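Because the structure is a prediction, the values reported are computed rather than measured.
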Amino acid sequence: MTEHRFLRALKREPVDTTPVWIMRQAGRYLPEYRATRERAGSFLALAKTPELACEVTLQPLARFDLDAAILFSDILTIPDAMGLGLHFIDGEGPKFHHPLRSREAIMKLGVPDMETDLRYVTDAVRLIRRELAGRVPLIGFSGSPWTLACYMIEGGGSSSFSSAKALMWEDPATLHHLLEVNAGAVIAYLSAQAAAGAQALMVFDTWGGMLGPDPFIEFSQRYLGMIAQALKADPLTREIPLILFSKGANGHLEGLADSGCDALGVDWTIRLAEARARVGSRVALQGNLDPATLAANPQAIRAAVKATLDDFGKGNGHVFNLGHGITPDIDPAHVAVLVDAVHEFGRR
């Protein structure tokens, strides 16, 4: 069987048409997802029950001609496994019972055991791979060390992550220790997902763009590079494509492209043509339609898809995606329009 177009595109090899998947494709915009979540009782129960995680991972593939499945999980599984006590409050998002409020708390942290503390994730990966039966590849993922640290220090989401940034200015050595522990955990976590059957890996640096130019290089990019180098040095993960997505960090595409990753996700605030000119043939690009485009009518969605594909231009190495996750208000019928338009206009 020839390799799937999604994996070929990540390796910048020729494809029959541009592959497409959507960040948060298994999510609240789908009524079947909401029904499964209701049955699970809570978001965490859904994520921690492999059979249910498998069910919602596969739901969008039953509706749309997507080119990849992405493991249904959460980026905060690692800090939860470290004992920070993840929970979700309706309307407020993720919270930790034990945020990192002291140097002592940070120094006590260690890398969780993947086969015990995070076994539910690898069990889900194995189950999803079995159920996919080769239809499309499965993406495993993790949050980035900096993004995880933001939540761990702040105790939840934030518009500014001022506590994390204050630690960065006041005690950079302690923050670096936390980021090193997080990087070690991310490497172990992605390796465990690969061993369980993930065929591509992605790191979400959701809050990288919150950092200024020099802090980004020191506190985010440095650790993304550490992860890429470790995965590429390991025979288990060497051949598995790695995608880095640092939202809002368009000023750092060249540095990220030099990390050793195979592809960069880009948000919608930069032209694909510009991103491509800056990274050259070093990496594939993934993106980058504004998620809000899906709220427009089908004609407008088709036009925006064509414009995005035209912006990338001819040649290999493009995976179509949104510039960030799909929002819960979107009509699933509009997603079908997007997916079909990508395959139509992206045909070689």
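Side chain of Gln193 to backbone of Val121: no donor-acceptor contact under 3.5 angstrom is found. With hydrogens and angles ignored, the 3.5 Å screen pairs a side-chain donor or acceptor of Arg129 with a backbone N or O of Gly197. Formation of a donor-acceptor pair under 3.5 Å by the Glu131 side chain with backbone atoms of Leu58 is not found in this model. Asn288 places no side-chain N or O within 3.5 Å of a backbone atom of Gly323 that could act as its donor or acceptor partner. Ser142 places no side-chain N or O within 3.5 Å of a backbone atom of Leu190 that could act as its donor or acceptor partner. Panel note: side chain Thr36, backbone Glu32; a donor-acceptor pair is recorded below 3.5 Å. For Trp207 (side chain) and Trp146 (main-chain N/O), no donor-acceptor pair under 3.5 Å exists by modelled atom type. Panel note: side chain Asp311, backbone Ala307; no donor-acceptor pair is recorded below 3.5 Å. Judged purely by atom type and a 3.5 angstrom limit, His334 uses its side chain to pair as donor or acceptor with the backbone of Leu294. Of the possible donor and acceptor atoms, one in the side chain of Thr293 sits under 3.5 Å from a partner among the backbone N and O of Asp290.
Taking hydrophobic clusters as Ile, Leu, Val, Met, Phe, Trp and Tyr residues chained together by side-chain heavy-atom distances below 4.5 Å, Leu309 does not share a cluster with Trp268. Clustering ILVMFWY residues whenever any of their side-chain heavy atoms sit less than 4.5 angstrom apart, transitively, puts Ile89 in a cluster other than the one holding Leu44.
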* Residue pair Val136, Leu66: steps toward the side-chain contact (heavy atoms from CB on, under 4.5 Å) verdict -> CA-CA 8 Å; Val136 295; Leu66 294 158; over 6 Å; no

* What's the verdict on side-chain contact (heavy atoms from CB on, under 4.5 Å) for Phe245 and Met202, showing C-alpha distance, side-chain angles and the deciding distance? -> CA-CA 7 Å; Phe245 176 51; Met202 183 159 171; 3.5 Å; yes

* Go through Leu30 and Val335 one step at a time and tell me if the side-chain contact (heavy atoms from CB on, under 4.5 Å) criterion holds. => CA-CA 10 Å; Leu30 291 176; Val335 177; over 6 Å; no

* Asked: Should Leu52 and Arg39 be marked as a side-chain contact (heavy atoms from CB on, under 4.5 Å) after you check the CA-CA gap, both sets of side-chain angles, and the distance that decides it?
  -> CA-CA 9 Å; Leu52 296 178; Arg39 210 167 79 236; 3.3 Å; yes

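Proximity of Asp214 to Glu218: side-chain heavy atoms (C-beta onward) are nowhere separated by under 4.5 Å. Using a 4.5 Å heavy-atom threshold, the side chains of Val20 and Val305 count as separate. Looking only at side-chain heavy atoms (C-beta outward), Ser162 and Glu154 come within less than 4.5 Å of each other. The side-chain heavy atoms of Met210 and Lys165, taken from C-beta on, include a pair separated by under 4.5 Å. Residues Val283 and Cys261 form a side-chain contact, since some pair of their non-hydrogen atoms from C-beta on lies under 4.5 Å apart. No side-chain heavy atom of Gln59 sits less than 4.5 Å from a side-chain heavy atom of Arg63. Within the 4.5 Å cutoff, the side chain of Val319 has no heavy atoms near those of the Ile243 side chain.
Residues meeting the side-chain contact (heavy atoms from CB on, under 4.5 Å) test with Thr17, sequence neighbours left out: Arg5, His343, Arg347. For His252, the ring pair (Phe, Tyr, Trp, His ring centres under 6.0 Å) partners are Phe216, not counting sequence neighbours. In this structure, the side-chain contact (heavy atoms from CB on, under 4.5 Å) partners of Glu170, at least two apart in sequence or on a different chain, are Ala166. Taking His87 as the reference, His97 meet the ring pair (Phe, Tyr, Trp, His ring centres under 6.0 Å) condition, with sequence neighbours excluded. Residues that satisfy the salt bridge (charged side-chain N to carboxylate O under 4.0 Å, His left out) test with Asp171, not counting sequence neighbours, are absent from this structure. For Arg8, the side-chain contact (heavy atoms from CB on, under 4.5 Å) partners are Glu3, Glu13, Pro14, Val15, not counting sequence neighbours. With sequence neighbours excluded, the residues forming a side chain to side chain donor-acceptor pair (under 3.5 Å) with Arg302 are Glu344, listed by chain and number. The side-chain contact (heavy atoms from CB on, under 4.5 Å) test applied to Ser102 returns Glu104, Ala105, not counting sequence neighbours. Here Asp234 pairs with nothing under the salt bridge (charged side-chain N to carboxylate O under 4.0 Å, His left out) rule; sequence neighbours left out. Residues satisfying the salt bridge (charged side-chain N to carboxylate O under 4.0 Å, His left out) criterion with Glu115, sequence neighbours excluded, are Arg119. Scored by the salt bridge (charged side-chain N to carboxylate O under 4.0 Å, His left out) test, Lys95 finds Glu92 as partners (sequence neighbours excluded).
Residues Pro137 and Leu7 share a closest heavy-atom pair of CG-CG, 3.8 Å. Scanning both residues, Tyr189 and Ile78, for their nearest heavy atoms gives CD2-CD1, 3.6 Å. Taking every heavy atom of both residues into account, Thr327 and Tyr29 meet most closely at O-CB, 3.8 Å. Here the closest non-hydrogen pair linking Gly287 and Thr308 is O-CG2, 4.3 Å. Between Ala53 and Ala47, the closest heavy-atom pair is CB-O, 4.2 Å. For Arg101 against Ile153, the heavy-atom pair with the smallest separation is NE-O, 3.4 Å.
Applying the salt bridge (Lys or Arg N to Asp or Glu O under 4.0 Å) definition to pairs two or more places apart or across chains, those involving residues 40-51 are Lys48-Asp80.
Ring geometry, Phe204 versus Phe141: the interplanar angle exceeds 60°, so the pair is classed perpendicular (tilted spans 30 to 60°).
The aromatic ring centroids of Tyr151 and Phe96 lie 6.0 Å or more from each other.
To the nearest 0.5 angstrom, Phe43 atom CZ is 4.0 Å from Phe72 atom CZ. Here Arg271 contributes atom CZ and Arg276 contributes atom CZ; the two are 15.0 Å apart, rounded to the nearest 0.5 Å. If you take OG on Ser246 and CG on Leu224, they are separated by 6.0 Å, rounding to the nearest 0.5 Å. With values rounded to the nearest 0.5 angstrom, Leu84 atom CG is found 9.5 Å from Leu76 atom CG. Atoms OG1 and CG, from Thr122 and Leu127 in turn, are 11.5 Å apart once rounded to the nearest 0.5 Å. Atom CZ of Arg126 is separated from atom CZ of Arg130 by 11.0 Å, given to the nearest 0.5 angstrom.
With a 6.0 Å radius and a threshold of 12 heavy atoms from other residues, nucleotides or ligands, Glu254 has its CD atom above the threshold. Counting heavy-atom neighbours within 6.0 Å of Asp329 CG, excluding the residue itself, gives a total above 12. By the 6.0 Å contact criterion, CG on Asp90 is open, its count of non-hydrogen atoms from other residues, nucleotides or ligands being 12 or less.
Screening Lys11, Lys232, Arg12, Arg238 for a salt bridge (Lys or Arg N to Asp or Glu O under 4.0 Å) with Asp262, the sole residue that qualifies is Lys232.
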